2 protein chains.
Amino acid sequence: MFDRCIYFNTLALARQLERVWTEAFKPFDLTPPQGFMLRAVLAKPGLLQSELADELKIARATATRGLDGLEAKGLIERRPTKTDKRERGIAPTKEALALHDKLNAASGAVTDRLKGIFGETVFLGFVEQAKAVASKLE
Amino acid sequence: MFDRCIYFNTLALARQLERVWTEAFKPFDLTPPQGFMLRAVLAKPGLLQSELADELKIARATATRGLDGLEAKGLIERRPTKTDKRERGIAPTKEALALHDKLNAASGAVTDRLKGIFGETVFLGFVEQAKAVASKLE
DNA sequence: GTCATATAGTTGTATAGCTAATCAAATGGA
DNA sequence: TCCATTTGATTAGCTATACAACTATATGAC
């Protein structure tokens, strides 16, 4: 019905893809947003919460909630910075560091699988277009 | 950071597009999911809830919640069908019918604006690709 | 005709996202 | 120095989404 609607179709696709990632992160007991947040923390330890929110393209308040969840699972720590008492840098715990390689491997496997399903050219082209379209909306 | 991730970029784009539609539906006091659900009801009055869920590509439980909201606003009615006492057909109220043209006009205006921003060729190509990719995941 | 199974819809419970409001700390102008 | 403004993070309150469990009804095998 909304066959020509970019919002409807983009959102529906995102929900389908979320299901794939839900499976992939299930062994780690992480939802996709949690998994991506943790991957970001592992890739760039020490980021401020606001910087993390920017990386993940979510609102700061959403980052607060997500980090609460990861903190409750013992996967991240908030550390006050030395220069500004309002800021908190985010560091992975050693439990999180122990997951790093497996999490990367599982993520790579999903991407490879999706590339296989869609074809690598289509996959890469689509991602580029999504970014190009998004950048025109800013 | 997740520059090559189809899920991350698709979801981020969907959230950006949602902001555009949020503005467009604000005059009707509808969120984007509510607006799209109402448009579906107006376009195909009498659909069963399960059929509506399929059209919108959401779970049945989500359709229940969304319809609760539209019903509370006096925009739709659930009507028992004659043949099966479990089923409910969804009909727009006359308040909703009164919005039909304006809602369509506002929706068309958003799509035209986005086509202008992205370029019509890119817009249509992207939507087609999103559908093609989604169909390979089913 | 009866009972097991399937189906339509709802409810319970959880996560994720947003905006607006708030709190606390930093900054800067006078 | 002091107060107004800005900024990082949190909290409050809301919507949307999903899955699983449930209720009520329908269907079909016998």
Side-chain angles (χ1 to χ4, degrees), chain A residues 7-8 11-23 25-26 29-38 46-54 56-73 76-90, chain B residues 7-8 10-23 25-26 29-38 40 46-54 56-73 76-90:
Chain A
Y7 164 61
F8 179 83
L11 182 57
L13 174 58
R15 285 197 298 259
Q16 273 188 275
L17 290 166
E18 182 162 40
R19 274 175 228 136
V20 176
W21 283 92
T22 296
E23 284 309 306
F25 286 147
K26 197 168 278 179
D29 191 31
L30 294 170
T31 62
Q34 287 168 348
F36 276 79
M37 185 173 270
L38 184 56
L47 281 189
L48 303 181
Q49 293 197 196
S50 53
E51 293 168 338
L52 190 59
D54 287 347
L56 297 171
K57 300 190 189 181
I58 56 180
R60 278 193 329 252
T62 305
T64 294
R65 274 9 192 300
L67 289 168
D68 289 347
L70 292 179
E71 198 174 37
K73 291 185 173 188
I76 62 107
E77 278 177 11
R78 288 159 150 122
R79 296 182 181 158
T81 63
K82 289 170 186 168
T83 50
D84 188 326
K85 287 188 186 165
R86 293 169 304 179
E87 295 175 345
R88 327 268 229 110
I90 308 302
Chain B
Y7 164 61
F8 180 82
T10 301
L11 182 57
L13 174 58
R15 286 198 298 260
Q16 273 188 275
L17 290 166
E18 182 163 39
R19 274 175 228 137
V20 176
W21 283 92
T22 296
E23 284 308 307
F25 285 148
K26 196 166 279 178
D29 192 30
L30 295 170
T31 63
Q34 288 169 348
F36 276 80
M37 184 173 271
L38 184 56
L47 282 188
L48 302 181
Q49 292 197 197
S50 53
E51 294 168 336
L52 190 60
D54 288 347
L56 297 172
K57 301 191 188 181
I58 56 179
R60 270 179 332 188
T62 304
T64 294
R65 262 71 197 248
L67 289 169
D68 289 348
L70 292 180
E71 198 173 38
K73 291 185 174 189
I76 62 106
E77 279 177 11
R78 290 160 151 120
R79 296 182 182 159
T81 63
K82 289 171 184 169
T83 51
D84 187 326
K85 287 187 186 166
R86 293 169 305 180
E87 295 175 344
R88 328 266 229 111
I90 308 303

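What you are looking at is a predicted structure, and each value in this text was computed from that prediction instead of being measured.
- Atom P of nucleotide dT10(C) and atom CG of Leu52(B) are separated by 11 Å, given to the nearest angstrom.
- Checking Glu18(A) against Glu87(A), the closest nucleotide of DNA chain D that is more toward the 5' end is the one next to Glu87(A).
- Ring geometry, Phe25(B) versus Phe36(B): the interplanar angle exceeds 60°, so the pair is classed perpendicular (tilted spans 30 to 60°).
- The phosphate of dT10(D) has OP1 or OP2 within less than 4.0 Å of a side-chain N or O from Arg88(A).
- Gln34(B) comes within 4.0 angstrom of the backbone, heavy atoms only, and of no base.
- In this structure, Arg78(A) contributes its side chain and Glu87(A) its backbone to no donor-acceptor pair below 3.5 Å.
- For the pair Ile90(B) CD1 and dT10(C) C1', the interatomic distance rounds to 13 Å; values are reported in whole Å.
- Rounded to whole Å, atom P of dG17(C) lies 9 Å from atom CG of Leu56(A).
- Among dC19(D), dA20(C), dA26(C), the nucleotide with an atom closest to any side-chain atom of Ala61(B) is dC19(D).
- If you take CG of Asp68(B) and P of dT17(D), they are 13 Å apart, rounded to a whole angstrom.
- Looking at Arg60(A), its side chain comes within 3.5 Å of the base of dA9(D) through a donor and an acceptor atom.
- Toward the 5' end of DNA chain C, the nearer of the two residues Thr31(A) and Thr83(A), judged by each one's closest nucleotide, is Thr31(A).
- Side-chain nitrogen and oxygen atoms of Thr64(B) include at least one within less than 4.0 Å of the OP1 or OP2 phosphate oxygen of dT10(C).
- Checking the phosphate oxygens (OP1, OP2) of dA9(D), no side-chain nitrogen or oxygen of Arg78(A) falls inside 4.0 Å.
- Atom P of nucleotide dA16(C) and atom CG of Leu38(A) are separated by 13 Å, given to the nearest angstrom.
- When the side-chain nitrogen and oxygen atoms of Thr62(B) are compared with OP1 and OP2 of dA18(D), one or more of them lie within a distance under 4.0 Å.
- Looking only at distances, no side-chain donor or acceptor of Thr62(B) sits under 3.5 Å from a matching main-chain atom of Ile58(B).
- Counting heavy atoms from C-beta outward, Thr31(A) and Thr22(A) have side chains that stay 4.5 Å or more apart.
- Formation of a donor-acceptor pair under 3.5 Å by the Lys57(B) side chain with backbone atoms of Gln16(A) is not found in this model.
- Here dA8(C) presents its P atom at 14 Å from CG of Leu47(B), a figure rounded to the nearest Å.
- Dashed line: the shortest gap from a side-chain N or O of Arg65(B) to OP1 or OP2 of dT17(D) is not under 4.0 Å.
- Residue Asp84(A) has its side chain nearest to dA25(C) when only dA9(D), dA25(C), dG9(C) are considered.
- dG8(D) atom C1' lies 13 Å from atom CG of Leu67(A), rounded to whole Å.
- Checking dT19(C), dG17(C), dA18(D) against the side-chain heavy atoms of Pro33(A) singles out dG17(C) as nearest.
- If you check every strand for non-hydrogen atoms under 4.0 Å, Ser50(B) touches sugar and phosphate atoms only.
- For Lys73(A) and dT15(C), the NZ to C1' distance is 10 Å, given to the nearest whole Å.
- Salt-bridge check for Lys26(B) with Glu23(B): passed, with a basic side-chain N closer than 4.0 Å to an acidic carboxylate O.
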